[in-house]
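Here is the structure we will look at, set down as structure tokens.
Side chains included, hydrogens not; waters and symmetry mates left out as well; all remaining heavy atoms used. Just so it is clear: chains get the letters A, B, ... in the order the sequence lines come, proteins before strands, and each one is counted from 1.
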Number of protein chains: 2
Amino acid sequence: MSLTEKVDKRAHILAVAEQLFADKGFDGTSVRDIAQLANVNLAMISYYFGSKEKLLEALIEDRAGYTLGIIEELAKNQTLTPWDKIDKLVDFYVERIFNNFRFHCIMSQQYNHARSPEIKELIINIKMRNLEQIKKVIADGQKKKIFCKVDIELTMASVFGTLTHITNSKSLYCRLMKVDETDDLTYRKKIAPRLKTHLKQMMRAHLDFKNEE
Amino acid sequence: MSLTEKVDKRAHILAVAEQLFADKGFDGTSVRDIAQLANVNLAMISYYFGSKEKLLEALIEDRAGYTLGIIEELAKNQTLTPWDKIDKLVDFYVERIFNNFRFHCIMSQQYNHARSPEIKELIINIKMRNLEQIKKVIADGQKKKIFCKVDIELTMASVFGTLTHITNSKSLYCRLMKVDETDDLTYRKKIAPRLKTHLKQMMRAHLDFKNEE
DNA sequence: CCCAAAATTAAACAAACGTTTAAATTAAAC
DNA sequence: GTTTAATTTAAACGTTTGTTTAATTTTGGG
């Protein structure tokens, strides 16, 4: 078996595990479930990852590396106005959460019920670094008298809370907004632009320096 | 054993289960964990509730009945202005989420990874009825030209998302806001007022009819 | 006091769990 | 082609799981 096939097999197990963990939860998924759906022998999971928990760690580390670089670059960009940065952040995170909603499910789930403190710490550190960059963007806008005084931490919580809430309560909001929840693609086509518009509009009103006068 | 003691025992098991389900998740909690912490015999849980899953249903039904009445009353109140209603809703839900954060954890958890469709339906129905009342409040404010045109569903998602996110990501935001997370009482004393102020401020800017002119 | 119903118990149940083993197969190196 | 290492397999490991059993204790009404 070639190296690429070996990598593919590992990646395949990760992908299957991601799907099952997101659907049924970490504790609700057995290694047998993963092995069966991935069409690999049960023992291969221990062979590749060591344990079910290590498999989860591998999954998190594999998926989480991507975001930080982009946000850091945006934060220190000197040519964009603070308003532009807010818009770009909204666009980026809306796209990201639709592209990675399974992984996002696992993150929220593990954040609350992580079996090991290591995994919880891992997740907190990943999120902290992202939040600190966004904090910079808002604080910069305030210093330039473009944004008004707001509770920065809770403002971030509102943006991410909205995204997380829509993702995690999909069925509920599908029913409320009368969108067909079985068709993933049209759901995304309808909701993603709406989410972007809403968040930008809300942040524009919320952060506007005029509020301070 | 008197009737009140019998009720207390059932309620005691529910309370212990609530704590454990919130801490470790439904699948992460065994009936033996519950029995041990509640100081009752293992078989008593089947005796009282039938099964672990029925115990969860009993817990949800027991805890969820309270909110709806209050919100309905507020929605149809004729003497309050739409702005007053928003403020009251914010105050109510902030208090509620701090008083019932364990139960809230279980609800988000089960919403995403409910083993049985019945439990998921149960939760969706409970939440739907509440959201429909709040929708009325916002739509009424719009009709009266007090609130501007906003995406009502996503506006609600932002309010509940903020609350849920702060609750579910407690450690993260404690670290970010430099609040001691081990002391529940001072955490609440610090965060609850801040949350109320932030949400009211944000909704005031977001819903203001001036945005439309 | 007695007796039927309710409550409680310890023990056992089969099934599912994560993990390990040791043998078999495949791949790569020389 | 032989040998060594890496991979894959089926089977079994000991626990833990949710639930049930059957015996025992407690309860409350007549």
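Rounded to an integer number of Å, the gap from CZ of A:Arg32 to P of D:dA10 is 13 Å. One atom, OH of B:Tyr47, and another, P of C:dT9, lie 12 Å apart when rounded to the nearest Å. Protein atom CG of B:Asn39 is 12 Å distant from nucleotide atom P of C:dA10, rounded to whole Å. Between the P atom of C:dT19 and the CD1 atom of A:Ile34 lies a distance of 10 Å, rounded to the nearest Å. Between the NE2 atom of A:His12 and the P atom of D:dT8 there is a distance of 12 Å, given to the nearest Å. Summarising the geometry, the separation between CG on B:Asp33 and P on C:dC17 is reported as 17 Å, rounded to the nearest angstrom. Note: CD (A:Gln36) to P (C:dC17) measures 11 Å, nearest angstrom. One atom, CE of A:Met44, and another, P of C:dA22, lie 18 Å apart when rounded to the nearest Å.
At least one side-chain nitrogen or oxygen of B:Tyr48 sits closer than 4.0 Å to the OP1 or OP2 atom of C:dT8. OP1 or OP2 of D:dA10 lies within a sub-4.0 Å distance of a side-chain N or O belonging to A:Asn41. Side-chain N/O atoms of A:Lys9 include one lying less than 4.0 angstrom from OP1 or OP2 on D:dT8. Distances shorter than 4.0 Å separate some side-chain N or O of B:Ser51 from OP1 or OP2 on D:dT19.
Heavy-atom contacts from other residues, nucleotides or ligands closer than 6.0 Å to NZ of A:Lys136 number 12 or fewer.
For the atom pair CD1 of A:Ile152 and CG of B:Leu176, the computed distance is 9.5 Å after rounding to the nearest 0.5 Å.
Here A:Ile45 lies out of heavy-atom contact (under 4.0 Å) with every strand. When heavy atoms are screened at a 4.0 angstrom cut-off, A:Ser46 is found touching base atoms of the nucleic acid.
Residue B:Val40 is the one, among B:Val40 and A:Ala43, whose nearest nucleotide of DNA chain C lies closer to the 5' end (criterion: closest heavy atom).
Using a cutoff of 4.0 Å between basic side-chain nitrogens and carboxylate oxygens, A:Asp87 and A:Lys196 are not scored as salt-bridged.
Taking the six-membered ring where the residue is Trp, B:His198 and A:His206 present perpendicular rings, their angle passing 60° and hence far from 30°. Aromatic ring orientation, B:Phe98 versus B:Tyr187: tilted (interplanar angle from 30° to 60°).
Look at C:dT21: its Watson-Crick or wobble partner, with both distances under 3.5 angstrom, is D:dA10. Both distances falling under 3.5 Å, in either a Watson-Crick or a G-U wobble arrangement, place C:dA29 opposite D:dT2.
The side chain of A:Ser30 approaches C:dC17 more closely than any other nucleotide in the set C:dC17, C:dT21, D:dT21.
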